[in-house]
Amino acid sequence: QVQLVESGGGLVQPGGSLRLSCSASGRSFSSAAMGWFRQAPGKEREFVAAISASGGSTYYADSVKGRFTISRDNAKKMVYLQMNSLKREDTDVYYCAAAPFVRVTTTPSMYDYWGQGTQVTVSS
């Protein structure tokens, strides 16, 4: 099993930056693809970024490509999402997710473990 706890959300002005962190526990972390998703009330969960178990492959939604960067530190069991040039439409609850023994995937249903989410609000 993998337990996930997100942190780093908050209120930021348009054009600003935030770094989300996801702390993981459990033995499967280093073998798990990790992803960040976001969801607004009444909407489906949306893929944001994913990274392979080794960190060698990354994928991004078109809406965040060039602005967001996903990374991981397997020794610390941490995953990060650096968000730059934030826009109002990036306002959402952001979730960290783990897909053990999956190379990398952008599909929410492939992720077995989810954190509680952290709110990101982009507003002036």
Side-chain angles (χ1 to χ4, degrees):
Q1 271 199 329
V2 180
Q3 290 80 43
L4 304 170
V5 179
E6 303 96 335
S7 61
L11 174 65
V12 62
Q13 292 187 342
S17 298
L18 278 177
R19 188 175 84 152
L20 304 183
S21 299
C22 175
S23 175
S25 61
R27 294 189 297 177
S28 300
F29 177 78
S30 60
S31 302
M34 298 297 296
W36 285 97
F37 294 79
R38 62 189 183 187
Q39 187 172 23
K43 292 189 176 181
E44 290 189 358
R45 197 158 289 188
E46 176 189 16
F47 167 73
V48 176
I51 189 167
S52 62
S54 68
S57 298
T58 56
Y59 295 87
Y60 297 94
D62 288 342
S63 58
V64 307
K65 202 170 293 183
R67 299 187 298 122
F68 290 12
T69 303
I70 188 172
S71 62
R72 67 189 294 164
D73 184 333
N74 283 348
K76 295 181 179 179
K77 294 187 177 181
M78 295 290 295
V79 180
Y80 306 100
L81 185 68
Q82 178 66 44
M83 306 187 295
N84 299 329
S85 302
L86 282 161
K87 305 176 181 179
R88 287 182 173 84
E89 51 264 42
D90 293 318
T91 295
D92 264 324
V93 177
Y94 284 70
Y95 297 89
C96 175
F101 308 110
V102 173
R103 181 180 174 275
V104 65
T105 179
T106 64
T107 306
S109 62
M110 295 293 291
Y111 288 83
D112 294 328
Y113 303 102
W114 295 82
Q116 294 298 310
T118 185
Q119 176 71 48
V120 172
T121 302
V122 184
S123 175
S124 54

Between side-chain atoms of residues 41-50 and protein atoms elsewhere (two or more places apart, or another chain), which donor-acceptor pairs fall under 3.5 Å?
{"from": "R45", "atom 1": "NE", "to": "Q39", "atom 2": "OE1", "distance (Å)": "3.0"}
{"from": "R45", "atom 1": "NH2", "to": "Q39", "atom 2": "OE1", "distance (Å)": "3.0"}
{"from": "E46", "atom 1": "OE1", "to": "R38", "atom 2": "NE", "distance (Å)": "3.0"}

Donor-acceptor pair, side chain of [X] and main chain of [Y], under 3.5 angstrom:
X: Q3; Y: A24; answer: no
X: D92; Y: Y94; answer: no
X: N74; Y: S54; answer: no
X: Q82; Y: R19; answer: no
X: K77; Y: S30; answer: no

Quiz item: Within a reach of under 6.0 Å around CD of Q1, are more than 12 heavy atoms found that belong to other residues, nucleotides or ligands?
Solution: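 12 or below, so no.
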Quiz item: Quick one: hydrophobic cluster around Y80, which other residues, with the 4.5 Å side-chain cut-off, linked directly or via members?
Solution: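 The other cluster members (ILVMFWY side chains, heavy atoms under 4.5 Å, direct or chained) are M78.
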If you take all heavy atoms of [X] and [Y], which pair is closest and at what distance?
X: T107; Y: T105; value: N-OG1, 3.1 Å
X: S123; Y: P14; value: C-CD, 3.6 Å
X: V2; Y: P100; value: CG2-CG, 4.5 Å
X: S17; Y: S85; value: OG-N, 4.4 Å
X: W36; Y: E6; value: CZ3-CG, 3.9 Å

Quiz prompt | cation_pi(R72, F29) dist<6.0 Å, angle<=45 | solution =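 Satisfied, under 6.0 Å and within 45°.
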Quick one: do [X] and [Y] end up in the same hydrophobic cluster if we chain Ile, Leu, Val, Met, Phe, Trp and Tyr together by side-chain heavy atoms under 4.5 Å apart?
X: Y113; Y: F37; value: no
X: M83; Y: V93; value: no
X: L20; Y: I70; value: yes
X: L4; Y: V79; value: yes
X: W114; Y: V120; value: no

Practice problem: Could you list all the salt bridge (Lys or Arg N to Asp or Glu O under 4.0 Å) pairs where at least one residue sits in residues 50-62, not counting sequence neighbours? | Solution: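 Found D62-K65.
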Quiz prompt | Residues which pass side chain to side chain contact (heavy atoms under 4.5 Å, CB included) with T91, listed by chain and number, not counting sequence neighbours | solution =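 Partners of T91 under the side chain to side chain contact (heavy atoms under 4.5 Å, CB included) test: Q119, T121, V122.
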Quiz prompt | S109: side chain to side chain donor-acceptor pair (under 3.5 Å) partners, not counting sequence neighbours | solution =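 So S109 forms no side chain to side chain donor-acceptor pair (under 3.5 Å) with any residue.
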Practice problem: For R103, enumerate each residue passing the side chain to side chain donor-acceptor pair (under 3.5 Å) test, keeping only those at least two apart in sequence or located in another chain. | Solution: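 In terms of side chain to side chain donor-acceptor pair (under 3.5 Å), with neighbours along the sequence ignored, R103 is linked to S57.
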Exercise. Could you give me the CA-CA distance, side-chain angles and deciding distance for Y59 and I51, then say whether side chain to side chain contact (heavy atoms under 4.5 Å, CB included) is met?
Key: CA-CA 7 Å; Y59 295 87; I51 189 167; over 6 Å; no
Quiz item: Is there a side-chain contact between Y60 and T106 (heavy atoms, below 4.5 Å)?
Solution: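 No, side chains not in contact.
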Exercise. Would you give the length of the straight line joining atom CG of L81 to atom CG of L18, rounded to the nearest 0.5 angstrom?
Key: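 Result: 9.5 Å between the selected atoms.
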Practice problem: Determine whether the side chains of S124 and Q13 contain a donor N or O and an acceptor N or O closer than 3.5 Å. | Solution: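 Result is no, nothing qualifies.
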